[in-house]
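In what follows, every chain begins at residue 1, and chains take the letters A, B, ... in the order their sequences are listed.
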Amino acid sequence: MQERYEPSILEPAAQKFWDDNGSFAVGEDPSRPKYYCLCMFPYPSGRLHMGHVRNYTIGDVLTRYMRMQGHNVLQPMGWDAFGLPAENAAMANGVPPAKWTYDNIAYMKQQLKSLGFGIDWTREVTTCRPDYYRWNQWLFLRMLEQGIAYRTTGVVNWDPVDQTVLANEQVIDGRGWRTGALVEKREIPMYYLAITRYAEDLLGALRDLPGWPERVKLMQENWIGRSEGLEIEFEVEGGGTLGVYTTRPDTLCGVTYMAVAAEHPLAQRAARHNPDLQAFIAECQRTGVTEAVLETMEKRGMPLGIHAIHPITGERVPVWVANFVLMSYGTGAVMAVPAHDQRDYEFARRYGLRIHQVIRPADGSLAKLDEEAYLEHGVLINSGQFDGLDFDEAFDAFAKLFEAQGRGRRRVNFRLRDWGISRQRYWGCPIPLIHCADCGVQPVPDDELPVVLPEELVPDGSGNPLNRHAKFLECRCPKCGRPARRETDTMDTFVDSSWYFFRFASAGNERAMVDGRANYWMPVDQYTGGIEHAILHLLYSRFWTRVMRDLGLTAVDEPFQNLLTQGMVLNEIYLRKPAEGRVVYFNPADVDVQVDEKGARVGAVLRADGQPVESAGIGTMSKSKNNGVDPQALVEQYGADTARLFMMFAAPPEQTLEWSDEGVEGAFRFMKRLWRAVHAHVQGGAGVEPLNTHALSPAQREIRRQVHETLAKITNDIGRRRTFNTAIAAVMELMNALAKFDDRSVQGRAVMQEALEIVVLGLSPVVPHACHALWKSLGHERAVIDERWPTVDPAALVREAIEVVVQVNGKLRGRVTVPANADEAQVREAALADEGVQKYTDGKPIRKFVYVRGKLANVVV
RNA sequence: GCCGGGAUGGCGGAACUGGUAGACGCACCGGACUCAAAAUCCGGCGGUGGCGACAUCGUGGGGGUUCGAUUCCCCCUCCCGGCACCA
C-alpha cells in the first residue's frame, strides 16, 4: 500500500474499474427489490455548479448505500436541454443554440464522470433530441383528443421595440431587459393543459405522500388553493349581469361596490365614450403580469358610472374598474366588502367608498373598523332577515335562496390555473399543429411525428426565427392537403421535465413512449433536487403522470415516492463601490480575510493589491456576484472525494450550505488521516488473526462498543434520517478514538481490523474512490462497491453501567453511575446521595422526582 | 403583498420523540517535532466573575405552557425560497 494519499492517481483508477465492470449499468431484475434513485437533471448551462455537485453527491451516496443494502439500484442522468439561456448565448456569440447546448453537455458529462457518480449512462436522455421530444408531441396530441389540451387566449409581456414576447425574467422594473422599453401586456392565442381537472386529485393525494417533506406538501396545498364559496349574479342597471365568486357569502349585505378588471366587457363598454377611463385602462395594460408585482403595486381604480343591483337589498352599487382585478382569475369581477376584507377596506378608504359593517364578533366584543377590516367569522348584523346567523348558517341560507331563484350556486373553486404551455420561442419542442386557411387548426398525424426543430438557426432577439424559416413553416394541411402553415410556438420546458423519469426506464424505445420496463422501475423511490422546484416542476410532474395513467400508459399515480429538497449553496460576496461607475465584485478566492486574536473577522483585502474590499454578506453562487467556486478546480486540487466529503459534512442536505475553503481543507485533512490510519494498521504486518469477542480486554471491549455504536448511528443517519453530516461527524469521532487505541496485541489488531473495515464500508458511499483503494489494502479481493453494508453486533453494544445526569429544579447538579439495569428507586437513592445534589437539596422537602430512563433525573424541591 | 422555511460560540453546524446546549469540523491560542518553515501530533477554546472548586448568564427579540423549552403556543424583527414565461 502506498504511504501517501494521492487522489489524482487512485480516483481515475477506481472510475476505470467501475467503467470496465459496468458497475452501474442495471437491468430489470424481478428477484431483487428495486430502488430508483433520481436527481433532478441539469440544464446544460456550460459547467457544473456547486448546486449540481451537492445534488448529485446526495443522490450518489443514497445510490451506493441502497446498493450495499442489496437493492437493484438505478441512478440515471440526462439533460434538460431546451430553454432560454441557449438563445441568449446564441445572441451573444452568434452560435446556434443546438451547438452551444451539445458542447455544454459533452463538457458537463465529463465533469460528472470525474466526480465518480455511479450513473447508468446507457439510459442517458437529452430533451432537445427528436427521439425524446417526439413523445411530448405524441402525448400532447392525445391530450388534445381528450380535451385536456385546448386553445384560448393568454396574457404575455410584449416588448414593443424588439417586437417580441419576454419572459418574466426579462422584464426588469417594467422594462424590457435589452431595449429598456416599457413592457406592455398583450393577449395572444395559446395552448393550455387542463391541470385544474386534476386539482381535487392532486390535492387529495398529498395525504398519501408520507415520504414528502411537510413544507412541500403544504406549499402545494396552498398553491392548489381549494375554496368553497358561492357564485352570485348581480343584475346590472341598463341590462346584463355581473357574475362574482365569493368565499364569504355571509358578508353579502356589506357589499358597497363592485370591481372589474380592465379587460372586462363592462369596463370596455363604459370606456368607449370616456377618454379618462380609456387612459386608465391603457395604464392598467402596462403593469406586469406576475402576481408579486400585482399584489405589491398601488391599488387604483375608477368608477365606470355603471351600477349593479344588490340581489338582497336592491340597492344600487357602483361598479369600478380596478387594477388589481385580473380577467384571468375567476370571472374578472369581484364584490367588495370593505368592512370585512382588508384590500377592499384600503381601496374604500382611498376613494371614499362606504364601509358597511355586517358581521360582529361572536363573543359580543366590538369590532373596530376605524383602522382595519374585521376579518373573523362572526354573527350577521345589518342583514335584514339574516341577522343573527353565524357563518355556516348564513352560507346555507344565501345558497338556498340563490339556488331557488336561479341567480347563484354553491361552487368549489381552485386557485390553481390551467397550465399555459405555448412559448413564442425557437429553442423548444415544436407544438405539433398545422394552421389551414380552410380547415383551421389541425393536429399533425401521428405517423408524421416528430415535428423536427431545425437546429441551425440563430435567434436575434426579435421574435421567433421559426417564423422566418420557410422550410419549417411551409407544409400541407393533413385534412385537405392544401398548403398550410406550421405552428411555430414551442412548448414550455416544464413539459420536457414532467416525464423524463419515465423515459429513463424505457430508454431507447423508438416505437413507444414507455414500455414494460417503466412498470418495473416506477415510481421513483427517491427524488432529490432543489427546494426551488417545490411547486411548479413537482406539481406538473404529478399532473403529467396522472394523464399518462388515465391513458393507460402507467399504473402509478404518483411519480415520486420520497422527496428530498436540498438547500442552496452560498458563498461570501465581496465588492468595491467606486465613486463613479458600477460596483465591482471580487471572487472570494482572490480575497484574504483578516482576523483578530480570537479568530473573529475584522476585515478583508484583495490579495492582488492589498487594499480593503467590502463584505456584502453571503448569497447564492452566481456569475453576477462573482462568488462561484468551480468544481473542476476543486477536483483537480483535492480530488472528488474531498469535494464530496465537504459537501456532505458542512450542512444537513435540506439546509443552505455555506462554502468555506478552510472547510474543504479540513475535509482533505480527514482523508489523509483516514489513509494514514489504514496504512499504519496494514504496516503492522501481513495477516490478522480472527476476532475472538470472548477474549477481549476491557479497553478492547470499549473501543469495539464505540465501533458498533457508530455503525448503528451512521446506518440510521444515512438510511433513515438522511443527515449525512452527523454520520460523517460520528465517523470522525470514532477515528479520533481509534487514533488513541494503540494496541498491537493479536486481539488488539483484530479489533482494529474490524473497526477500519466498518469505517471504510461506512464511508464508501461518500468517498468511494479512496474506499475502493483502502478496501483492497485491508486485504479484500472483492471490490468495495460489491460489498454489503455491515451489520451491528448487538453483543458489542452491551454496557454494564450507565451514567445518569441529576438535576435539581431543572439545573444540572451532579452525575451518578448506576448499573445498566437499575430501576427508578435505585437511581433515586444514588441521586439523592450525590454530594453535588445534596448541596441543593439539603434540608428541603422533595416535592417531586422525575426520572427519564437511563438518561436523567430531576429533583424538585 | 401572499405561501413556505430559517435564525444556536469568532464561523459551519450538533442536540433525532420536551430531558446534560455547543458533538464534529473550521478559525484562533499554547506546546511538541524542526536550524527554520510547512506538514503532522498533543492540549485549550460561549460570555461574565473567581487563584480555584465553582457561581452566574446564555440558542434573533418579547411573552406564555411545563418539574424541565434550542424543541410546544402567541406576538414581533431580520434573512432565504416560490409566486404560474429562469430552470
Q: Return the nearest nucleotide to the side chain of A:Ala167; candidates are B:C86, B:G13, B:C24.
A: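 Ranking B:C86, B:G13, B:C24 by closest atom to the A:Ala167 side chain puts B:C86 first.
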
Q: Can you measure A:His533 atom NE2 to B:G82 atom P for me and round it to whole angstrom units?
A: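 Rounded to the whole Å, the gap is 9 Å.
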
Q: Side-chain N or O of A:Thr656 less than 4.0 angstrom from OP1 or OP2 on B:C80?
A: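 For B:C80, neither OP1 nor OP2 has a side-chain N or O of A:Thr656 closer than 4.0 Å.
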
Q: Compare the minimum distances between each of B:G19, B:A87, B:G13 and the side chain of A:Phe494, then state the nucleotide with the smallest one.
A: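 Minimum distance to the A:Phe494 side chain belongs to B:A87.
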
Q: Compare side-chain N and O positions of A:Asn725 against OP1 and OP2 of B:A14 and report whether any pair is under 4.0 Å apart.
A: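 Result: yes.
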
Q: Among side-chain atoms of A:Asp159 and A:Trp177, is any donor-acceptor pair under 3.5 angstrom?
A: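 A:Trp177 and A:Asp159 do not have a side-chain donor-acceptor pair below 3.5 Å.
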
Q: Check whether any side-chain N or O of A:Arg676 sits under 4.0 Å from OP1 or OP2 of B:C41, and answer yes or no.
A: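 Answer yes for this pair, as a side-chain N or O of A:Arg676 is under 4.0 Å from OP1 or OP2.
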
Q: Scan nucleotides 44-60 of chain B nucleotide by nucleotide, 5' to 3', and note B when protein non-hydrogen atoms come under 4.0 Å of the base, S if they reach only the sugar-phosphate, - if neither.
A: ----------SSSS---

Q: Hey, is the side chain of A:Arg721 poking within less than 4.0 Å of OP1 or OP2 on B:A15, counting only N and O atoms?
A: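 For B:A15, OP1 or OP2 has a side-chain N or O of A:Arg721 closer than 4.0 Å.
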
Q: Given pairs defined as Watson-Crick or G-U wobble with both distances under 3.5 Å, what dot-bracket annotation applies to RNA chain B, with ( ) intrastrand, [ ] crossing, | other strand and . unpaired?
A: (((((((..(((......[....))).(((((.......))))).((((....))))..(((((..]....))))))))))))....

Q: Could you list the protein-to-nucleotides 3-8 of chain B atom pairs, N/O on both sides, closer than 3.5 Å?
A:
{"from": "B:C3", "atom 1": "O3'", "to": "A:Asn222", "atom 2": "ND2", "distance (Å)": "2.7"}
{"from": "B:C3", "atom 1": "O2'", "to": "A:Asn222", "atom 2": "ND2", "distance (Å)": "3.0"}

Q: Check every strand shown and say whether A:Met297 touches a base, only sugar-phosphate, or nothing at a heavy-atom separation below 4.0 Å.
A: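 The answer is nothing, as A:Met297 stays clear of every strand by at least 4.0 Å.
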
Q: Flag the pair A:Arg178 and A:Asp162 as a salt bridge only when some basic side-chain nitrogen lies within less than 4.0 angstrom of an acidic carboxylate oxygen.
A: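 Between A:Asp162 and A:Arg178 there is a salt bridge, with a charged N closer than 4.0 Å to a carboxylate O.
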
Q: Quick check on B:U66: is either OP1 or OP2 less than 4.0 Å from any side-chain nitrogen or oxygen of A:Asn858?
A: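 So the side-chain polar atoms of A:Asn858 never come under 4.0 Å of the phosphate oxygens OP1 or OP2 of B:U66.
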
